[in-house]
Amino acid sequence: MRTLTIDIGGTGLKMIPLDLRGEAIGERHRELTPTPRTPKDVIAVLETMVDRQEPFDRVSVGFPGVVVRGVVRTAPNLGTEDWSGFDLGNAITQMTDRPTRVVNDAELQGYGVIAGEGVEMVLTLGTGLGTALYTDGRLVPNLELGHHPLRKGKTYEELVSDAELARVGKKRWRKRVQRVFDTLAPIFNYDRLYVGGGNAKKLVDPLPPGVERFDNVSGMEGGVALWGDRTAKVAAP
């Protein structure tokens, strides 16, 4: 049973094939997210990428927004209203002729890295800020914490986004990320906080106690867990 895991981002589109243990059985492929970033354009690029893949049996998709039963509700970092109400799960199923499951991108990546014990939180630092929360391996769905105000009327995402990193520089950006850590710790009292996304590598060690960095490939291993396979590290309920 092979799972093709797809990560749709505001900057890049990535996919990798995984075996039942969540381990890569091929190379990770990446293409730039097209402009405009409409469903039609994104699906077209994904189709060309899928055509280069080895055979697979099912598809898992991480999407940067709220997704309910495969249907997109929000897509703030894709910059188009065309996504609202778009049945992404059905579109990918028709394109690949394989069963498909779609969740928020941070939620998918979290399944690839959490231990499944206690309260665990995931942050992804990229175009925006993705968040996911788990209790004993069970997901609390659609936690869009990035859009909650953090400081002076600005949201978490507005303060630590990729655009702000470019504007204020690494030093100030790192202080803002630390503010995020300091704010979340006494609210959620998590046992472990995992930080990933393309900009996680710009943080400097040592990270605060209880905070652990993960890479994109590790996060995409969560695509297997979405199907409830007990051979995966943590299986989604």
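Worth saying up front: this structure is predicted, and the values here are computed from it rather than measured. Along the sequence shown, the residues carry numbers beginning at 1.
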Donor-acceptor check, side chain of Arg98 to backbone of Phe56, threshold 3.5 angstrom: yes or no? yes

Leu207 side chain near Val195 side chain, heavy-atom distance below 4.5 Å: no

Starting from Leu203, can I reach Tyr156 by hopping between I/L/V/M/F/W/Y residues whose side chains sit under 4.5 Å apart? yes

Side-chain (Thr33) to main-chain (Thr11) donor-acceptor, under 3.5 angstrom: yes

Group every Ile, Leu, Val, Met, Phe, Trp and Tyr by side-chain heavy-atom contacts under 4.5 Å, then state whether Val67 and Leu143 land in the same group. no

Does the Glu164 side chain pair with the main chain of Ser161, one donor and one acceptor, at a distance under 3.5 Å? no

Separation of Asn199 CG from Asp162 CG (nearest 0.5 Å): 5.0 Å

For the student: nearest non-hydrogen atoms of Met15 and Val50, plus distance: CE-CG2, 3.8 Å

Do Leu139 and Val103 come within less than 4.5 Å of each other through their side chains, counting heavy atoms only? no

Correct closest heavy-atom pair for Gly65 and Pro76 would be CA-CD, 4.4 Å

Among the clusters formed by ILVMFWY side chains lying less than 4.5 Å apart, do Phe214 and Val180 turn up in the same one? no

Check whether any side-chain heavy atom of His147 lies under 4.5 Å from a side-chain heavy atom of Glu157, and answer yes or no. yes

Gly223 versus Thr5, closest heavy-atom pair with distance: CA-OG1, 3.5 Å

State whether the side chain of Asp215 and the backbone N or O of Ser218 hold a donor-acceptor pair below 3.5 Å, judged by distance alone. yes

If you draw a 6.0 Å radius around CZ in Arg28, do more than 12 non-hydrogen atoms from other residues or ligands fall strictly inside? yes

With a 4.5 Å cut-off on side-chain heavy atoms, are Val59 and Val102 touching? no

Nearest atoms (heavy-atom pairs only) where Glu54 meets Arg2: CB-NH1, 4.1 Å

Quick check against the 3.5 Å criterion: does Arg37 have a side-chain atom that pairs as donor or acceptor with the backbone of Gly9? no

Backbone N/O of Pro141 and side chain of Glu107: donor-acceptor pair under 3.5 Å: no

Closest non-hydrogen contact found for Arg73 with Ser84 is O-OG, 3.6 Å

Using a strict 4.0 Å threshold on nitrogen-to-oxygen distance, state whether Asp205 and Arg213 make a salt bridge. yes

Quick one: does Val45's side chain get under 4.5 Å of Met49's, heavy atoms only? yes

Let me see the working for Ser60 and Thr3 under side-chain hydrogen bond (donor to acceptor under 3.5 Å, both in side chains), right down to the final yes or no. CA-CA 7 Å; Ser60 295; Thr3 304; 5.4 Å; no

Keeping Trp83 on the side-chain end and Thr74 on the backbone end, is there a donor-acceptor pair under 3.5 Å? no

Can you tell if the side chain of Trp227 reaches within under 4.5 Å of the side chain of Met1, non-hydrogen atoms only? no

So, applying side chain to side chain contact (heavy atoms under 4.5 Å, CB included) with Tyr134, which one of Tyr190, Tyr111, Tyr194 is it? Tyr111

Residues, nucleotides or ligands: over 12 heavy atoms within 6.0 Å of Lys170 NZ: no

Closer than 4.0 angstrom, basic N to acidic O: yes or no for Arg52 and Glu31? yes

Between Asp136 and Gly118, is there a donor-acceptor pair closer than 3.5 Å when you use the side chain of the first and the backbone of the second? yes

Check the surroundings of atom CD in Glu27: do more than 12 heavy atoms from other residues, nucleotides or ligands lie under 6.0 Å from it? no

Same hydrophobic cluster for Val122 and Val119, using side-chain heavy-atom links shorter than 4.5 Å among ILVMFWY? no

Are side-chain heavy atoms of Ile8 and Leu88 found at a separation under 4.5 Å? yes

Spacing of CG belonging to Leu18 relative to CD1 belonging to Ile25, to within rounding of 0.5 Å: 7.0 Å

When clusters are formed by joining ILVMFWY residues with side-chain heavy atoms under 4.5 Å apart, either directly or through shared neighbours, do Leu78 and Leu32 land in the same one? no

Approximate separation, where rounding is to 0.5 Å, of Lys154 NZ and Leu150 CG: 11.5 Å

Would you indicate whether Arg179, at its atom CZ, is surrounded by more than 12 heavy atoms from other residues, nucleotides or ligands within a distance under 6.0 Å? no

Ignoring hydrogens, what is the shortest heavy-atom contact between Thr155 and Glu158? Give both atom names and the distance. N-OE1, 2.9 Å

Does any N or O in the side chain of Asp87 come within less than 3.5 Å of the main-chain N or O of Val71, such that one atom is a donor and the other an acceptor? no

Could you measure the distance from the CG atom of Leu13 to the CD1 atom of Ile6? Nearest 0.5 Å is fine. 9.0 Å

Side chain proximity check, Gln109 to Asn216, heavy atoms < 4.5 angstrom: yes

Applying side chain to side chain contact (heavy atoms under 4.5 Å, CB included), run through Asp191 and Glu117 and close with a yes or a no. CA-CA 8 Å; Asp191 296 290; Glu117 299 176 353; over 6 Å; no

